[in-house]
Each structure stands twice: as structure tokens, then as C-alpha cells.
Peer 1: 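Take a look at this one; I'll ask things after.
For reference, positions follow the sequence shown, starting with 1. Only a predicted model underlies this, so the values are computations on that prediction, with no experimental measurement involved.
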Amino acid sequence: MEQLIEQVMDTMTKAGLVQVEVSARHVHLTDQDVEVLFGKGAVLHEKRPLSQKGQYLSEERVTLIGPKGKKERVAVLGPVRSATQVELSVSDCVSLGVKAPLRESGDVEGSGPITIEGPAGSISITQGTIVAHNHIHVPTDVARMLDLKDKEHVSVKILSERPVTFEDVIIRVSDAFTFRMHIDFDEANAASVSGFTLGKIIPHGKE
């Protein structure tokens, strides 16, 4: 059975079909900010692994506070990072009254401010709040097979009951990646993405 599943997945991959995952609002924290929010000596505790190797949903939750409102019990993802980052959808930004640019994860220079509150304290970051640009994590061998390059922009047709084509999806290539496309809840709702959903990668110039 496992061999059959692997064969099916390999066939889909060769056809340029990628599994689409929905990324809800979440926070990445530094070691120092974990201690401020959860107490001296605090660390993140893994609740369950995510699809990308080494990444996990932690047991810890925080509250995000903006000029117009707040979002409680927001997920914290691990492991810790070198810079604290908050990833929101456009709808989240509107309800919080936060201005956040469309950026790749990790590109936080000049991005939006927000307040993050935990059970032991709070922090107000002057930058670090973004709307994450939709993207595909591509393992190096798959990138070679599909002739995809790191930082290349492609189109992806979502194969759902409400097909939508995203025209500007960023390819990210690494040996450490699992082959997945990530979109936020606004994008998922627009394309009726739920459960197991596939997207068809269409390199620009090859439509």
C-alpha cells in the first residue's frame, strides 16, 4: 500500500501537481521574546510537527493587539528564529487595524508594527508584521525534475470546485523542504480550498 501511495505521489509530482496547505495567522519568536512573553527560562514545547522538516506547532499561544482590536490564542511556530515575525492575512490586518506589506517570510525590514501579549508579559515590535507572499517549498530534486529555479515566479491553478489561478507564486528551493504550496486563509477561501487540494504549477511563458 505504501509503495502504491509513493507511486501515485511521484506521478503527481512529475505532472507538476503540488499539495496546497493553508497557513493560518501565526507568530515566530526569538529566544529573548519567548522569555518575555512566557517567563524567564521559558522554551517552546512542540505540540505537533508541520510538513516542513524541523518546523512545529508549539503548545504556546499569544494574543495579537492592534489599534482596532485583538486576536487571541494565536499559534506560535517553532523553532525560535533570529527575528520575531507575525504573519497575517489581509482580513486579519483590517480587523486589527494593522498595516502589513506583502513579503516573503524573513523579509521584515520596514514591515508593520504590532503588540504581542503572552501570559508573563508583552512586547511591541516596530517591524515584523507581514502578509506572507504565497509560495511553494520545492526540494532540490523536484526543482531539477520540473526545471524550477529558486526565487522564480510561477502561476498555480488551484484544482478545487472553485478553480482560481494565482499568477505570482514564489518558488523556494532547498534540500530541506517538503514539496508543498502555502497560501493564507483569504486565498484559501477565494479558491474553496479544504482538505486535500492540489495545485497545477504553470511556469511563466509555458501556459
Side-chain angles (χ1 to χ4, degrees), residues 21-38 42-44 46 49-138 149-154 166-178 180-188:
E21 292 183 337
V22 183
S23 181
R25 71 182 76 97
H26 62 270
V27 175
H28 299 279
L29 297 171
T30 63
D31 275 320
Q32 295 88 342
D33 287 345
V34 168
E35 290 200 347
V36 172
L37 295 171
F38 299 102
V43 295
L44 298 180
E46 181 174 342
L50 301 176
S51 63
Q52 298 306 310
K53 300 169 189 173
Q55 305 294 306
Y56 59 86
L57 172 67
S58 76
E59 296 281 359
E60 288 69 28
R61 298 278 170 153
V62 295
T63 297
L64 299 179
I65 303 171
K68 292 174 59 178
K70 63 182 181 180
K71 300 286 185 185
E72 299 180 325
R73 294 197 52 76
V74 175
V76 177
L77 303 189
V80 294
R81 289 195 176 185
S82 59
T84 289
Q85 176 177 293
V86 177
E87 296 185 31
L88 302 173
S89 69
V90 173
S91 295
D92 291 333
C93 292
V94 171
S95 62
L96 288 168
V98 171
K99 291 185 178 180
L102 182 67
R103 294 280 184 85
E104 284 192 72
S105 180
D107 182 10
V108 297
E109 186 68 31
S111 57
I114 202 166
T115 296
I116 306 171
E117 183 178 77
S122 65
I123 56 173
S124 293
I125 57 174
T126 57
Q127 63 180 22
T129 306
I130 66 169
V131 174
H133 199 298
N134 51 28
H135 57 277
I136 305 174
H137 294 276
V138 186
K149 305 294 188 294
D150 190 47
K151 302 300 182 182
E152 178 181 356
H153 290 231
V154 299
F166 294 106
E167 302 285 355
D168 187 34
V169 181
I170 298 174
I171 296 294
R172 296 170 59 184
V173 179
S174 171
D175 287 333
F177 287 160
T178 301
R180 294 288 190 277
M181 177 179 180
H182 285 168
I183 61 177
D184 66 27
F185 263 109
D186 286 354
E187 294 166 320

Peer 1: Under the side-chain hydrogen bond (donor to acceptor under 3.5 Å, both in side chains) test, which residues partner Arg81, sequence neighbours left out?
Peer 2: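 Arg81 satisfies side-chain hydrogen bond (donor to acceptor under 3.5 Å, both in side chains) with His28, Ser105 once adjacent residues are dropped.
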Peer 1: Name all residues meeting the ring-ring contact (aromatic ring centres under 6.0 Å, His included) criterion together with His182; count only those two or more places apart in sequence or in a different chain, and write none if there are none.
Peer 2: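 Partners of His182 by the ring-ring contact (aromatic ring centres under 6.0 Å, His included) criterion, ordered by chain and then number, come out as His135, His137.
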Peer 1: Verify, without hydrogens or angle tests, whether Thr30 (side chain) and Thr84 (backbone) share a donor-acceptor contact under 3.5 angstrom.
Peer 2: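 A pair under 3.5 Å: no.
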Peer 1: Keeping Asn134 on the side-chain end and Ile183 on the backbone end, is there a donor-acceptor pair under 3.5 Å?
Peer 2: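 No; zero donor-acceptor contacts below 3.5 Å.
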Peer 1: Give a yes or no answer on whether the side chain of Arg103 reaches the backbone of Gly128 with a donor-acceptor pair at less than 3.5 Å.
Peer 2: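 Between the backbone of Gly128 and the side chain of Arg103 there is no qualifying donor-acceptor contact (under 3.5 Å).
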Peer 1: May I have the step-by-step check of side chain to side chain contact (heavy atoms under 4.5 Å, CB included) for Thr129 and Leu88, ending in yes or no?
Peer 2: CA-CA 7 Å; Thr129 306; Leu88 302 173; 3.6 Å; yes
Peer 1: Is there a side-chain contact between Ser95 and Lys71 in this structure, where contact means two heavy atoms from C-beta onward sitting under 4.5 Å apart?
Peer 2: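 In contact.
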Peer 1: Glu187: what forms a salt bridge (Lys or Arg N to Asp or Glu O under 4.0 Å) with it, not counting sequence neighbours?
Peer 2: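 Salt bridge (Lys or Arg N to Asp or Glu O under 4.0 Å) list for Glu187, sorted by chain: empty.
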Peer 1: Holding to salt bridge (Lys or Arg N to Asp or Glu O under 4.0 Å), I want the full list of residues that pass it with Glu72, two or more places apart in sequence or in another chain.
Peer 2: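 Testing Glu72 for salt bridge (Lys or Arg N to Asp or Glu O under 4.0 Å), a comparison that skips the adjacent residues, returns Lys70.
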Peer 1: When you measure from the side chain of Ser58 to the backbone of Val76, do you find a donor-acceptor pair of N or O atoms at a distance under 3.5 Å?
Peer 2: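 Yes, the answer is positive, given that a donor and an acceptor are paired below the 3.5 Å cut-off.
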Peer 1: What distance separates Leu64 CG from Ile116 CD1, expressed to the nearest 0.5 Å?
Peer 2: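 Going from the CG atom of Leu64 to the CD1 atom of Ile116 covers 6.0 Å.
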Peer 1: Quick one: do Ile125 and Ile114 satisfy side chain to side chain contact (heavy atoms under 4.5 Å, CB included)? Show the steps, please.
Peer 2: CA-CA 6 Å; Ile125 57 174; Ile114 202 166; 3.8 Å; yes
Peer 1: By the salt bridge (Lys or Arg N to Asp or Glu O under 4.0 Å) test, which pairs, at least two apart or in different chains, include something from residues 85-96?
Peer 2: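 Residue pairs with at least one partner in residues 85-96: Arg25-Asp92.
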Peer 1: Going by the rule side-chain contact (heavy atoms from CB on, under 4.5 Å), which residues pair with Asp168 if we only count those two or more places apart in sequence or in a different chain?
Peer 2: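 side-chain contact (heavy atoms from CB on, under 4.5 Å) list for Asp168, sorted by chain: His133, His153.
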Peer 1: Check salt bridge (Lys or Arg N to Asp or Glu O under 4.0 Å) between Lys68 and all other residues, then give those that pass, not counting sequence neighbours.
Peer 2: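 Applying salt bridge (Lys or Arg N to Asp or Glu O under 4.0 Å) to Lys68 gives none.
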Peer 1: My understanding is that only residues two or more places apart in sequence, or in another chain, count here; which of them pass side-chain contact (heavy atoms from CB on, under 4.5 Å) with Ser174?
Peer 2: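 Partners of Ser174 by the side-chain contact (heavy atoms from CB on, under 4.5 Å) criterion, ordered by chain and then number, come out as Ala176, Phe177.
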Peer 1: For Ala42, what residues pass the side-chain contact (heavy atoms from CB on, under 4.5 Å) criterion, not counting sequence neighbours?
Peer 2: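 Ala42 satisfies side-chain contact (heavy atoms from CB on, under 4.5 Å) with Val34, Phe38 once adjacent residues are dropped.
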Peer 1: Can you list every pair that meets side-chain hydrogen bond (donor to acceptor under 3.5 Å, both in side chains) and has a residue in residues 113-123, with sequence neighbours left out?
Peer 2: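 Every side-chain hydrogen bond (donor to acceptor under 3.5 Å, both in side chains) pair that includes a residue of residues 113-123, provided the two are not neighbours, is Thr115-Ser124.
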Peer 1: Quick one: side-chain contact (heavy atoms from CB on, under 4.5 Å) partners of Leu50, sequence neighbours excluded?
Peer 2: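 Expected list: Arg48, Gln55, Leu57, Leu77.
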Peer 1: Donor-acceptor check, side chain of Asp186 to backbone of Ser91, threshold 3.5 angstrom: yes or no?
Peer 2: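 Yes: the side chain of Asp186 pairs with the backbone of Ser91.
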Peer 1: Looking at residues at least two apart in the chain, or sitting in another chain, which of them share a salt bridge (Lys or Arg N to Asp or Glu O under 4.0 Å) with Asp33?
Peer 2: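 If we apply the salt bridge (Lys or Arg N to Asp or Glu O under 4.0 Å) test to Asp33, skipping adjacent residues, there are no hits.
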